[in-house]
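It should be emphasised that the depicted structure is a prediction, and the values quoted were computed from it without experimental measurement. In this chain, numbering begins with 1 at the start of the sequence shown.
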Amino acid sequence: MNTQPDHDQAKAISSAIPGAVDLFRPSEYSGLLIHALRSRAHTFRHGSGLDMGTGSGVLLATLGLLGCTRLVGVDIDPAAINASTTMARGLGLLDRTTLLQGSLWEPLEDEAFDVIVTNLPNFAATKPSDPERSVSWSMAGADGRSAINPFLAGLGRHLKPDGVAYMTHNVFAGLAETEAMLARQGLVARSILATTSLLHPTKSALMNPAVRAKYDGSGIRQLGSYEFVDVLVLEIRAIQS
């Protein structure tokens, strides 16, 4: 997460086939988070909202349309900042939007937020694993946690005491480890939504074999030539005493 991705190959494909590649096209994971934000909007304060790894800007825009008065989006990729700027401008949200290029919490200093949303890479692969999106889209190391761990490590400091965070989490990315990291910060997660997603064949081929073997039949399922994975939306809040 600390190096800027090289998009030359993706840009070359995009220029050769106009309209064929949208590097930040939202996935079904983003759709799941949008549903979570809308259905749970009555349970969180609509002051400051953060989208960590903003990509296309659809999650940040959702926070804005729900009424958040300060919107902050962070992404390591300058192309994502441009895409989110276009999204915010088109929806009339740019005047309350700040977009920051950088790696995870680095650009935010000590600011804390009422609501945080993130759809970070958490796919167990060490090579770009989706040919139709940005090379940083879902590649998250051998265990799928190269982005999750530093995000979780800083979450407690950047979430207001009565704030809430929503994140997508592949079942095979180590849910118990996530829960343990949160508990050490006085936070707790509960699953509020779940789906089962079809893996792109290229992603399937690049998945860490050890992870596949560990979670086969539990989080990862084979049906004929197709492979499906279970995905959760976690709602994270302070542990109530």
Side-chain angles (χ1 to χ4, degrees), residues 1 5 22-41 44 49-66 68 71-77 79-81 83-84 87-88 97 99-105 108 113 115-125 128-130 132-141 144-155 158-159 164-175 178 182 189-200 203 219 229-236:
M1 293 296 296
D22 180 352
L23 296 180
F24 303 104
R25 175 173 55 86
S27 69
E28 62 271 27
Y29 291 18
S30 295
L32 202 63
L33 277 170
I34 289 171
H35 181 73
L37 291 171
R38 288 174 172 169
S39 63
R40 301 289 293 167
F44 57 80
L50 169 68
D51 180 5
M52 180 62 77
T54 187
S56 66
V58 295
L59 297 175
L60 191 63
T62 299
L63 290 176
L65 295 174
L66 288 172
C68 288
L71 302 170
V72 178
V74 175
D75 205 293
I76 197 170
D77 189 341
I81 300 300
S84 293
M87 175 72 67
T97 298
L99 293 162
L100 303 170
Q101 183 187 347
S103 179
L104 295 170
W105 304 111
L108 291 172
F113 297 86
V115 56
I116 296 172
V117 62
T118 189
N119 181 24
L120 288 172
N122 60 115
F123 186 71
S129 52
D130 192 328
E132 298 174 353
R133 293 187 173 94
S134 161
V135 295
S136 63
W137 187 267
S138 58
M139 180 176 59
R145 300 192 61 89
S146 65
I148 292 176
N149 284 348
F151 170 77
L152 293 174
L155 181 59
H158 292 280
L159 188 65
V164 60
Y166 297 94
M167 69 178 293
T168 52
H169 199 297
N170 284 328
V171 170
F172 59 82
L175 189 57
T178 290
L182 291 171
R190 70 184 185 102
S191 173
I192 59 168
L193 286 174
T195 191
T196 299
S197 177
L198 175 67
L199 275 187
H200 189 286
K203 290 185 72 171
V229 297
D230 293 340
V231 183
L232 308 175
V233 171
L234 302 181
E235 181 179 80
I236 302 168

side-chain contact (heavy atoms from CB on, under 4.5 Å) between Leu63 and Leu37, worked out: CA-CA 8 Å; Leu63 290 176; Leu37 291 171; 3.9 Å; yes

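- Applying the side-chain hydrogen bond (donor to acceptor under 3.5 Å, both in side chains) criterion to Thr178, with sequence neighbours excluded, gives Arg145, His169.
- Every side-chain hydrogen bond (donor to acceptor under 3.5 Å, both in side chains) that Ser197 has, sequence neighbours left out, goes to Glu28.
- Between Leu108 and Met52 there is a side-chain heavy-atom pair separated by less than 4.5 Å.
- In this structure, the side chains of Leu50 and Val117 stay at 4.5 Å or more apart for every pair of heavy atoms.
- Between the CG atom in Leu234 and the CG atom in Leu175 there is a gap of 6.0 Å [rounded to 0.5 Å].
- Annotation: side chain of Val164 is not in contact with side chain of Ile236 (no heavy-atom distance under 4.5 Å).
- No donor-acceptor distance shorter than 3.5 angstrom exists from the side chain of Trp105 to the backbone of His158, with no hydrogens or angles considered.
- In this structure, the separation between CG on Leu71 and OG1 on Thr97 is 4.5 Å, given to the nearest 0.5 Å.
- Residues passing the side chain to side chain contact (heavy atoms under 4.5 Å, CB included) test with Ala41, sequence neighbours excluded: Phe44, His46, Leu66.
- For the pair Val229 and Val171, the minimum side-chain heavy-atom distance is 4.5 Å or more.
- Residues passing the side chain to side chain contact (heavy atoms under 4.5 Å, CB included) test with Ser84, sequence neighbours excluded: Thr54, Leu99.
- Put simply, the side chain of Asn122 gets close to the backbone of Leu120: a donor and an acceptor are under 3.5 Å apart.
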Intermediate values then yes/no, side-chain contact (heavy atoms from CB on, under 4.5 Å), Leu155 and Met167: CA-CA 11 Å; Leu155 181 59; Met167 69 178 293; 6.0 Å; no

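- Every residue was checked against the ring-ring contact (aromatic ring centres under 6.0 Å, His included) condition with Phe113, not counting sequence neighbours, and none meets it.
- Within the 4.5 Å cutoff, side-chain heavy atoms of Ile192 are placed close to those of Tyr166.
- Scanning for side-chain hydrogen bond (donor to acceptor under 3.5 Å, both in side chains) contacts around Thr196 gives Asp230, with sequence neighbours left out.
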Stepwise side-chain contact (heavy atoms from CB on, under 4.5 Å) check, Leu159 with Ile116: CA-CA 7 Å; Leu159 188 65; Ile116 296 172; 3.9 Å; yes

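- If you take CD1 on Ile34 and OG on Ser39, they are separated by 12.0 Å, rounding to the nearest 0.5 Å.
- Looking at residues two or more places apart in sequence or on another chain, you find a side-chain hydrogen bond (donor to acceptor under 3.5 Å, both in side chains) between Thr168 and Asn119.
- In this structure, the salt bridge (Lys or Arg N to Asp or Glu O under 4.0 Å) partners of Arg190, at least two apart in sequence or on a different chain, are Glu235.
- Residues satisfying the side chain to side chain contact (heavy atoms under 4.5 Å, CB included) criterion with Met87, sequence neighbours excluded, are Val58, Ala61, Leu91.
- When all heavy atoms are compared, the tightest approach of Ala173 to Ile148 is CB-CD1, 4.2 Å.
- Between the side chain of Asn170 and the backbone N or O of Phe172, no donor-acceptor pair lies under 3.5 Å.
- Closest heavy-atom contact between Ala83 and Phe24: CB-CD1, 4.3 Å.
- Leu32 pairs by the side chain to side chain contact (heavy atoms under 4.5 Å, CB included) definition with Leu193, Thr195, Val233, not counting sequence neighbours.
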